[in-house]
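Position 1 is the first residue of the sequence; numbering continues from there. Everything numeric here is computed off the predicted structure, so don't read it as measured data. Atoms within a ligand are numbered from 1 in the order they appear, just like the ligands themselves.
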Amino acid sequence: MTSVAPIADKYLFSNGMAIPFTPQYFERIQPTDATDTATMISRFKNEGYIHLPGFLSEKEVLDVREAYFKMFEAVILKKGTTPREGIFSGTFQFSPYRHGLPDHPASTFVQSEVFTHFTRNEKLRKLSESIMGEELSLLQRIPIRHFYNNTGVASCAHADFTYLDRGTQRLISIWIPLGDVSLDTGGIIYLKDSNNVDQDSLRTQLNRNKKPEKDQRPITADLKAIADATGKPWMYTDFKAGDIILHSPFIIHGTLDCNMETMRLSTDIRYASVKEEHDPRWSAHWRADDGY
Ligand SMILES: O=C(O)CCC(=O)C(=O)O
């Protein structure tokens with residue numbers, strides 16, 4: 001398992017690209033106490049994210065993990081291990097293995113009773129309302145993310161508002177690991193103090209000498225390059241089942257690659273102010289092939 005402090009000669013990876021695990025590139029997130037609302041509000045406003053360890057029950061989170069992996073054939077699970085552990089055998093059930101096929105379990109799972117019950121947790125809504133200081137409603141589009149060992153695939157650097165910019169900016173996201181997510185299992189990371197960075201200039205600067213990508217929304221897949229360009233480190237932690245992390249719609253974030261047998265499973269839910277219209281594309285169930 002990865003050490004949780006930056007150490008020499010260790011690299012982390014995102015989209016197959018190495019980033020030295022040094023204080024220049026990585027700084028550890030300090031957790032927040034969920035009973036201290038004033039600190040949560042100020043950290044959300046100033047830093048753009050709040051890590052709340054153990055906010056949910058570990059059992060409840062692992063029940064969701066188990067239910068998800070039970071929808072797959074046993075071939076994806078390492079021999080002698082359980083769906084609750086979610087350890088990859090090295091053999092995929094689907095080709096291509098990513099979400100996006102109509103019969104992939106992920107699209108069905110987000111409409112299941114177990115997932116609906118989990119994501120409608122009033123504790124999460126009340127917490128979000130206490131941070132935002134207003135009444136919020138849950139957006140129905142709730143992705144589930146599933147990453148496998150050594151595939152070199154992670155979420156590129158982006159800010160959420162790029163993906164839901166047809167409505168209110170009064171939004172809050174919660175990233176929920178569905179199981180332990182150590183650094184090498186590919187957790188979420190935040191570019192320090194990036195709430196107010198000019199993302200369009202950064203995108204242009206980082207992609208100047210590259211072939212234009214089909215999807216122009218991510219800022220870059222190269223997380224080291226964006227840290228170099230801004231002089232800002234990535235904020236990280238290693239997550240345990242039951243932890244949550246909340247973030248603002250403008251903070252730049254991405255994820256690390258899953259380079260462990262333990263599969264990275266997570267979900268991210270969003271709430272919007274009830275006072276303003278929200279992006280209508282987020283009012284239907286998530287499907288991996290929904291195109292946004
Ligand atoms: O889990 C991921 O890979 C991406 C999640 C994300 O970008 C988010 O929660 O906003």
| message | Does Q140 form a side-chain hydrogen bond (donor to acceptor under 3.5 Å, both in side chains) with S283? I'd like the steps, not just the answer. | response | CA-CA 5 Å; Q140 193 178 10; S283 297; over 6 Å; no

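Cluster partners of Y49, using a side-chain heavy-atom cutoff of under 4.5 Å among ILVMFWY residues and allowing indirect links, are I29, W175, V181, I188, Y190, M235, F239, I245, I251. L62 belongs to no hydrophobic cluster with other residues, because no ILVMFWY side-chain heavy atom falls under 4.5 Å from its own, directly or through intermediates.
No more than 12 heavy atoms of other residues, nucleotides or ligands lie within 6.0 Å of NE2 in H117, so this atom counts as exposed by the packing criterion.
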Can you list every pair where an N/O of ligand 1 is under 3.5 Å from an N/O on the protein?
from, atom 1, to, atom 2, distance (Å)
ligand 1, 1 (O), W175, NE1, 2.8
ligand 1, 1 (O), R264, NH1, 2.8
ligand 1, 3 (O), S155, OG, 2.5
ligand 1, 3 (O), R264, NH1, 3.4
ligand 1, 3 (O), R264, NH2, 3.0
ligand 1, 7 (O), H158, NE2, 3.0
ligand 1, 7 (O), H253, NE2, 3.1
ligand 1, 9 (O), R270, NH2, 3.4
ligand 1, 10 (O), D160, OD1, 2.9
ligand 1, 10 (O), D160, OD2, 3.3
ligand 1, 10 (O), H247, NE2, 3.2
ligand 1, 10 (O), H253, NE2, 2.9
ligand 1, 10 (O), R270, NH2, 2.8

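To the nearest 0.5 Å, the span separating CZ on F88 from SG on C258 amounts to 9.0 Å.
For the side-chain contact (heavy atoms from CB on, under 4.5 Å) test, residues two or more places apart in sequence or in another chain that qualify with S173 are D160, H247, R270.
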